[in-house]
Amino acid sequence: MGVLGKVSHVEHDNVRPADHAPLILSSVRAGVITSPRESVFDIAIPCDYNLSSIVNGGVTMNLRLETRDALAELNPQQRQAVQIEHGPVLVLAGPGSGKTRVLTHRVGFLVHESGVAPWSLMAVTFTNKAAREMKERLTSVTSADGWDGLLTARQLQSLMLGTFHSICARILRREIEALPGWDRNFVIYDAGDQLSLMRQALRDLNLDAKRYRPAAIHSIISNAKNELIGPGTFQARTYTEEIAARVYLRYQSLLRENNALDFDDLLMKTVELFRERDDLLSAYQDRYLHVLVDEFQDTNMSQYELVKLLVGKHRNLFAVADEDQSIYSWRGADYRNVLRFRDDFPEHHLVLLEQNYRSTTTILEAAKYIIRKNPHRVDKNLFTQRGDGVKVEVAEAYDEQDEARFVVSEIARLEAGSKVLPSHCAVMYRTNAQSRVLEEEFIRRGMKYRLVRGTRFYERKEVKDAIAYLRLIYNPHDSVSMLRVINTPARGIGAQTIAALEHWAFKLEVSISDALLKLQAEANGQGLPIPSPFGARARQALLRYADLLQTLIAARDQLTLPELFDLTLARSGYRDFVRDGTREGDDRWENLLELRGVTQEYASLDASESLSLFLEQVALVSDVDGLTEDQRGPALLTLHAAKGLEFPVVFIVGLDEGLLPHMRSMDDLDAMEEERRLCYVGMTRAMDRLYLLHTFRRTIHGANELSVSSRFLADLPANLIAGQPSSASGRDTQRATLASRSAPSKGARPVTGWARGSGDVTPPPSNAPRFQVGDTVVHTKFGEGVVITSNITDDDQEVEVAFPDQGIKRLSANFAPMQKKGEG
DNA sequence: GGACAAGTATTTTTT
DNA sequence: ATACTTGTCC
């Protein structure tokens, strides 16, 4: 069973290339001609025996069938998950266990073996990247033998595959008018727009944005939406929530007035729609017979509810989850949805994917030591057949600069010695702020690197401005876009004028764009109930702006999207505004050309439709294909951004208390568990080599402070580790600092002498160190101990001393009552 | 309307 | 330290 067949040659008389209809096969359900060219047909046929003839409407064709058993590519656990034909399935998948493979093969299985039409399948991911990856893996050539993927391009197209948000947007685009007061031409507000609108809402309520941070209020409202709590039912429990409750009402009515939905609304409104309209729900339930959800542990309440509604009739929900990789609870993700799944679908099949195809045994074992300390989890028995590999390197750097030097030197060393490509290395950290020091070091050493994250393309000011113009043309009631561009470039409409305009529009009970129309009417001699309040100069400026908008809106349905784009930038003066002759101006213009390139993909579409689709894509996709960084250097990224990726060599830096685990998680057990998962996610990205770095001291918010190494390091057993044991582990073995390892001939040299080779070796300090690494010292209070690290500062020497009974202490040579054994 | 000073807050950020 | 916002002055 499970054979995917491909027919390369067909001998036939009566079949024309236009025969795209499914072929009716003897004893087999269906196959589809996929790419007819001349007399050669590619046909994907589900089949488990050799077939010599097929019948198409009574016509028999002779063909040669080559077969491939797609299921043979799976391990028993994976195969089990793929093959379940009906009912809910929960797949608990460890890192690197091939869950994308299971998802894609299941889609293939359902289509080819179960005879489910591709358009009856919905596959949901969290990121565009994951969706893209699934698409690629469904169709791309999978091996050198020339096999096509699991689906034909045509089948893939009919599949509902996308992020929660994009799927909801598609549904709402069709159905939202079933909810009173909404219009199918809604725009989608991204994070920045949402914040602007939040500020507007605060201002409308005379609340001080200083006192009530828009981001904080927004986060409360967002959380409420994710739990499907509407503005009317929101129950405040604290003073801030009291404020948030009031803002929520205003914020939501602003969205309505602007005919806009924010990200959370996309989910919430879809749930609302299905809850209120049984008929629609039923239709969608029958349309999507199978729903597959990736990263199920990351679903929030509204996503869970949505999925539950959709599969309510047929109960064919296939969810892949790893509770140990749940790292987005602060965004409303709730891994307990996995538990809810088990309660709500008691008849479910449970499949565990425990074989890891990514990491060495050493790395996987080390990661398991970290994660197993979390209570309340189903312990998976992860294993790998990759062999032991090398030990995990744990090392202490003097400070974050030293840490960066270690990373860069080690990457260079691996490249020279082990022929490891720098692009196969990744450096991961807890906070984005940590990237700067690393970048500086890469630059100093003249090495390329890729900063994963960057300012995202669609978040660049010029791109947002251009999009705001287009959005305004699409939906003139969009006040966020209106306020964004009304005076960009400057056209004499200042804050005073804008405030007066808003106020006037408010009194007229119309949107700003309608107010501009009224102003034009007034200028043409028409009387108004409330005359406009502007001085001559402001009026002039506003009228010119109104004319601009009118011109552009009139052009909307006449031009192709790239033409409209060009016209907009030219007429608005934005083009000249950006191209100001500076270097930065050229860069910004480059970005706009890049954006124009995106509009070109929509050039052939109907004018009215193209703008809508383009704006949707822009709102829901945060990066542009092909625009991603070049692949040459090592990747620098946050631990969050690392999820779903893998690298042969991984460095995790900043394993210091306060950073990882982060300070903010210290007094919250749940948050601390999430920090642990975050560490686990980072470690399990590594295929061959894993480095865990911490520092002796570190600059935090400008202040230089002694570090305490992460509690996570203390959870690693000695047999998996190379390099020093961590100080948190309490072992007082001789420690090799990074510096002494880099320059073994000068084992006792202070750590600061990290730079190798080049001439910038730190000169020996004039105040000669009193203690050397390895010295035995006597402390009046702690007794005898061994110096294990040493660092010379401007006017002092800092040492760490291992006392057999007291553990490791950090001491100042000047002040500590301590001296070398045998002296004094 | 733009430049500068002062004040403030600094985790992560799939959409 | 630093980046970012807001307020004030020309």
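Numbered from 1 within each chain, the chains take letters A, B, ... in sequence-line order.
- With C:dT6, B:dT12, B:dT10 as the candidates, the nucleotide lying closest to the side chain of A:Arg430 is B:dT12.
- Separating the CD atom of A:Glu295 from the C1' atom of B:dT15 is a distance of 14 Å, rounded to the nearest angstrom.
- In this structure, CG of A:Asp294 is placed 13 Å from P of B:dT15, rounded to the nearest angstrom.
- A:Asp298 comes within 4.0 angstrom of a base, heavy atoms only.
- The separation between A:Glu440 atom CD and C:dA1 atom C1' is 12 Å, rounded to whole Å.
- Between A:Arg471 and A:Asp193 there is a salt bridge, since a side-chain N of the basic residue sits under 4.0 Å from a carboxylate O of the acidic one.
- Among the nucleotides B:dT13, B:dT15, B:dG2, the one closest to the side chain of A:Ala641 is B:dT13.
- Proximity of A:Thr638 to the phosphate of B:dT13: a side-chain N or O atom is located under 4.0 Å from OP1 or OP2.
- A salt bridge links A:Arg444 to A:Glu441: one of the charged nitrogens lies within less than 4.0 Å of a carboxylate oxygen.
- Atom CZ in A:Arg436 sits roughly 17 Å away from atom C1' in B:dT11 (whole-Å rounding).
- Residue A:Arg331 places no side-chain atom within donor-acceptor reach of the base of B:dT12, judged by atom type and a 3.5 Å distance cut-off alone.
- Between the NZ atom of A:Lys269 and the C1' atom of B:dT15 there is a distance of 18 Å, given to the nearest Å.
- One interatomic measurement links the two molecules: CG of A:Asp262 to C1' of B:dT15, which rounds to 10 Å at whole-angstrom precision.
- Distance noted for atom C1' between B:dT11 and C:dT6: 24 Å (whole Å).
- A:Asp264 comes within contact range of no nucleotide atom at all, as no heavy-atom separation falls under 4.0 Å.
- The OG atom of A:Ser222 sits 9.0 Å away from atom CE of A:Met198, with the distance rounded to the nearest 0.5 Å.
- Contact annotation: side chain of A:Arg664 to base of B:dT11, donor-acceptor pair absent below 3.5 Å.
- Closest-nucleotide positions on DNA chain B for A:Gly492 and A:Glu675 were compared, and the one nearer the 5' end corresponds to A:Gly492.
- The one candidate from A:Arg677, A:Arg377, A:Lys643 that meets the salt bridge (Lys or Arg N to Asp or Glu O under 4.0 Å) condition with A:Asp324 is A:Arg377.
- Here A:Tyr328 does not lie in a stacked arrangement on the base of B:dT12, lacking the combination of planes under 30° and ring centres under 5.5 Å apart.
- Within 4.0 Å (heavy atoms only), A:Ile493 reaches sugar-phosphate atoms of the nucleic acid but no base atom.
- Of the candidates B:dT15, B:dG2, B:dT12, the closest approach to any side-chain atom of A:Ala490 belongs to B:dG2.
- Rounded to whole angstrom, the span from the CZ atom of A:Phe126 across to the C1' atom of B:dT13 amounts to 14 Å.
- Cation-pi geometry between A:Arg484 and A:Tyr469 is not met at under 6.0 angstrom from the ring centre and within 45 degrees of the axis.
- For A:Met663 and B:dT12, the CE to P distance is 12 Å, given to the nearest whole Å.
- Nearest-nucleotide positions on DNA chain B place A:Gly494 closer to the 5' end than the other of A:Gly494 and A:Ser166.
- The same atom, P, is picked in C:dT5 and in B:dT12; the two are 16 Å apart, to the nearest Å.
- Relative to the side chain of A:His701, the nucleotides B:dT13, C:dA1, B:dT15 differ in distance, and C:dA1 lies closest.
- The aromatic ring of A:His662 is stacked on the base of B:dT11, with the two ring centres less than 5.5 Å apart and the planes inclined by under 30°.
- When distances run from any side-chain atom of A:Asn432 to the nucleotides B:dG1, B:dT10, B:dT12, the shortest one goes to B:dT12.
- Of the candidates A:Gln194, A:Arg256, A:Lys225, A:Asp265 forms a side-chain hydrogen bond (donor to acceptor under 3.5 Å, both in side chains) with just one, namely A:Lys225.
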